[in-house]
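The block underneath contains the structure these notes are about, expressed in structure tokens.
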Amino acid sequence: MKTKTSSPEQIVPASEEVDVVSASETVPGPAEPAVQPRQRWLLSPCRAEEASLLASEAKIPLLIAELLLARGIRSAAEAEQFLNPRIEHLLDPYSMLGMERAVERIQRAIAAQEPILIYGDYDVDGTTATVLLKTAIEMLGGAAHFHIPHRLREGYGMQREILETAAREGVRLIISVDTGIRAFAAADAAAELGLDLIVTDHHLPEPQLGVPRALAVLNPNQPGCGYACRHLCGAGVAFKLSQALLEAWDLNRARTKILPSFLKMLAIATIADAVPLLGENRVFVALGLAELRRPVGLGLRALMREAQIDTARRPLTPIDVAFRLAPRINAAGRMDIATEVIELFTTRDGGRANDLAAKLERLNQERRAAEAAMLAEITSRLDEPCFRDARCIVMDGDNWHRGVIGILASRIVDQTGKPAIVVTREGGEAYGSGRSIASFHLLEAFESCHELFTRFGGHAHAVGFSLPSDRVEELRSRLATYAAERLRDEDLGNPLECHSELQLDQITPALFSWLRRLEPFGMGNEEPVFVARNVRVLTTPLFMKEKHARLRVAQGTTFSAVGWNLADCVRELRLGPESFVDLAWRLRENDHPDFGGIELEIAGIQPAGVPRDPPAQTT
């Protein structure tokens, strides 16, 4: 994020004001949003020769080899590690640049009983990172205090005033988590105050200025760092620091007891922050979800009860984390103060844990109500010509809640298939958040009109910013022109990425079992979608709660197929016995005692014979 001037001390962190939204807060139902009438299905390019070789070497089915290739897996050894993640697959934390200096300084602070301040962030990633590092330091006998900024009063990033207070209270070591990589002014302030600063972050460094002046910087994306997994979340970086500290203390105990326990919180953060579930992140989430089946902490157990998650009934999935746990954790920072998240996950008082979890539930309900009210207003305006015809939508209103504008931008993208910016005016200053589509680099668009902003930052798919309220109209005009010059008709929309065509009579229990081994699914390891052409509908569709549809379909083999939020789409097709459709589908297992078994989840449906989209280009 940048200020109007470009002096180093005024560069603000790139992610400031950017609300990173978990999947849980952008999808309204139990599955994908309703299919749009002109939804495009993009098939992955065929890599038959490579897939055949990998299948032979790794002794896996050809289809699984194709899916692994699409995820960057090219050897039998890589396939083995992907399909069977273990604690031994954790990378050496000392392969991250700066780790040795960071560990040595923290060990000295613990030995001398120096108070340490952990400077966190108010989202799921920042709060869980704080919990992990605070817990590790305290287990080693250290004194770890923390500060989580208030979203509205302080905003993102380290502030000089907090550092000055820490220095007056005797703190000599500051450790940032999920923030700090562009905190040049704060780093200089820390040096002036005689504070040692360790920056742990995962956001991209400033390309021209490099990294802040600090005792150590831990960030796999910084220049010169050879860490093998560059797409860690902020809690992932904090975990690697904790791993190094704990393994130096007691390697066996760390590997067999402590680190597996830490993976519970890390899995939540990794899923919520929507980083790719590949490489070490896959290890974090696969093992962490297994650990979450046996929650021990009072706060985590209380939160899971509020979210109506019963791990005794079925294993926890990334969907549970993203749809149920993450929004409740995020609600604290969006609607109130996220400090209570730290207390929730560290308290040893069962009553207090229950009270805090109940408060997060209440705040999440308030968040949903605020979002619904604003979304109703926004949806009613989308048909206005200025929004209907624009290729980049800038929607503004007065005194909308800043904590949910990023979610609303995602909703608009889902509904329209266009980049969307939501702006709230608060007197003379306006605050905004934007989300984008794959074919439009949002940060570059903002760079083209950088002089409008008080500050801004983000990346290709998400931005956050503030600017004087009287410049909102110019922002709308400038972005409209920029998008019109770069976005073609075929760039708009939300295409459905499908792996390949697969007839229904090729579905077997063995295939289902192999696909389950690709779990956990998420960003970068999306659940495979397949296409079946010319599928026969056997019965009249059944509609559930007026929103969902269930079909009985056949193609050599008969299956039940459920379409969440697809009732209107199915009605428009006027399907009946002996209708034929093309289906985009995922495999599911229904555990209902009366009609359980393998079934299809409909990701897309259209009349049979619709012209096919060309395969996606190999990147």
Side-chain angles (χ1 to χ4, degrees), residues 22-25 27 29-31 84-87 124-125 127-128 131-132 135 233 235-236 239 256-274 277 281-332 341 344-361 364 512-513 515-523 525 527 586-593 596-598 601:
S22 65
S24 52
E25 297 170 298
V27 184
N84 301 288
R86 300 189 300 272
I87 193 75
V124 176
D125 196 19
T127 51
T128 53
V131 170
L132 289 173
T135 302
C233 66
F239 173 84
T256 59
K257 294 184 178 180
I258 304 173
L259 295 180
S261 177
F262 275 32
L263 290 175
K264 291 194 285 288
M265 297 301 299
L266 181 53
I268 293 172
T270 302
I271 293 168
D273 217 51
L277 298 191
N281 284 337
R282 176 172 171 80
V283 179
F284 294 160
V285 173
L287 301 186
L289 288 176
E291 291 291 327
L292 279 165
R293 297 175 189 176
R294 303 175 295 276
V296 176
L298 296 174
L300 181 57
R301 288 162 59 183
L303 186 65
M304 292 173 74
R305 283 195 298 271
E306 289 289 347
Q308 299 182 7
I309 293 174
D310 182 5
T311 57
R313 190 174 65 86
R314 63 174 178 81
L316 200 70
T317 69
I319 296 294
D320 295 319
V321 172
F323 280 64
R324 297 184 178 186
L325 291 180
R328 288 167 171 82
I329 299 171
N330 261 334
V341 173
L344 171 68
F345 290 127
T346 57
T347 185
R348 297 185 179 183
D349 182 329
R352 181 60 176 160
N354 292 336
D355 290 344
L356 289 168
K359 181 176 181 179
L360 293 190
E361 176 66 26
N364 191 48
F512 179 74
S513 295
L515 291 175
R516 290 286 297 270
R517 292 188 64 185
L518 301 180
E519 296 176 352
F521 297 121
M523 182 70 65
N525 182 37
E527 185 173 7
R586 305 179 185 88
L587 269 189
R588 285 285 181 268
E589 184 175 33
N590 189 329
D591 58 3
H592 193 281
I598 296 176
E601 180 182 280

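- Of all the heavy atoms in Ala235 and Leu132, the pair that sits closest is O-CD1, 4.0 Å.
- Going from atom CG of Asn354 over to atom OG1 of Thr347 covers 10.0 Å, rounded to the nearest 0.5 Å.
- Across all non-hydrogen atoms, the minimal contact from Phe284 to Ala267 is O-CB, 4.0 Å.
- With a 4.5 Å cut-off on side-chain heavy atoms, Leu356 and Leu303 do not count as touching.
- To the nearest 0.5 angstrom, Arg324 atom CZ is 10.0 Å from Met304 atom CE.
- Without hydrogens or angle criteria, Asp125 side chain to Ala272 main chain gives no donor-acceptor distance under 3.5 Å.
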Exercise for review: Kindly determine whether Asn84 and Arg517 satisfy side-chain contact (heavy atoms from CB on, under 4.5 Å), including the steps that lead there.
Suggested key: CA-CA 8 Å; Asn84 301 288; Arg517 292 188 64 185; 3.2 Å; yes
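- Applying the salt bridge (Lys or Arg N to Asp or Glu O under 4.0 Å) test to every pair with at least one member in residues 287-305, sequence neighbours left out, gives these pairs: Glu291-Arg294.
- Side-chain contact between Lys257 and Pro260: absent, with no pair of heavy atoms (C-beta onward) separated by less than 4.5 Å.
- Contact between Ala286 and Pro85 at its shortest, heavy atoms only, is CB-CG, 3.6 Å.
- Side-chain atoms of Thr128 and Leu266, non-hydrogen and from C-beta on, never get closer than 4.5 Å to each other.
- For the atom pair CZ of Phe262 and CZ of Phe239, the computed distance is 8.0 Å after rounding to the nearest 0.5 Å.
- For the pair Thr127/Val131, no side-chain contact is recorded, criterion being any heavy-atom separation below 4.5 Å from C-beta on.
- Residues Asp355 and Lys359 fail the side-chain proximity criterion, which asks for heavy atoms closer than 4.5 Å.
- For the side-chain hydrogen bond (donor to acceptor under 3.5 Å, both in side chains) condition, the pairs that include at least one residue of residues 311-323, sequence neighbours left out, are Arg314-Asp320, Thr317-Asp320.
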**Study point:** Full working for salt bridge (charged side-chain N to carboxylate O under 4.0 Å, His left out) between Glu589 and Arg516
**Key:** CA-CA 10 Å; Glu589 184 175 33; Arg516 290 286 297 270; 3.4 Å; yes
Practice item. Under the salt bridge (charged side-chain N to carboxylate O under 4.0 Å, His left out) rule, what do Arg328 and Glu306 come out as? Steps first, then yes or no, please. Key: CA-CA 9 Å; Arg328 288 167 171 82; Glu306 289 289 347; over 6 Å; no
Check your understanding: Does the pair Leu316 and Ile309 meet the rule for a side-chain contact (heavy atoms from CB on, under 4.5 Å), with working shown?
Key -> CA-CA 8 Å; Leu316 200 70; Ile309 293 174; 3.3 Å; yes
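- Between Phe345 and Thr135, every side-chain heavy-atom pair lies at or beyond the 4.5 Å cut-off.
- The shortest heavy-atom contact between Leu277 and Pro520 is CD1-O, 4.1 Å.
- Results of the side chain to side chain contact (heavy atoms under 4.5 Å, CB included) test with Leu292 over Leu263, Ile268, Leu287 single out Ile268 as the only residue that passes.
- Inter-residue side-chain proximity for Leu289 and Pro318 is flagged as met; some heavy-atom pair is nearer than 4.5 Å.
- Using a 4.5 Å heavy-atom threshold, the side chains of Val285 and Ile271 count as touching.
- Taken from OG1 in Thr346 to CG in Asp349, the straight-line distance is 11.5 Å, to the nearest 0.5 Å.
- Atom CG of Leu300 and atom CG of Leu325 lie 7.0 Å apart (nearest 0.5 Å).
- Between atom CG of residue Asn364 and atom CD1 of residue Ile329 there is a gap of 10.5 Å, rounded to the nearest 0.5 Å.
- For Arg282, the side-chain hydrogen bond (donor to acceptor under 3.5 Å, both in side chains) test picks out no residue, with sequence neighbours left out.
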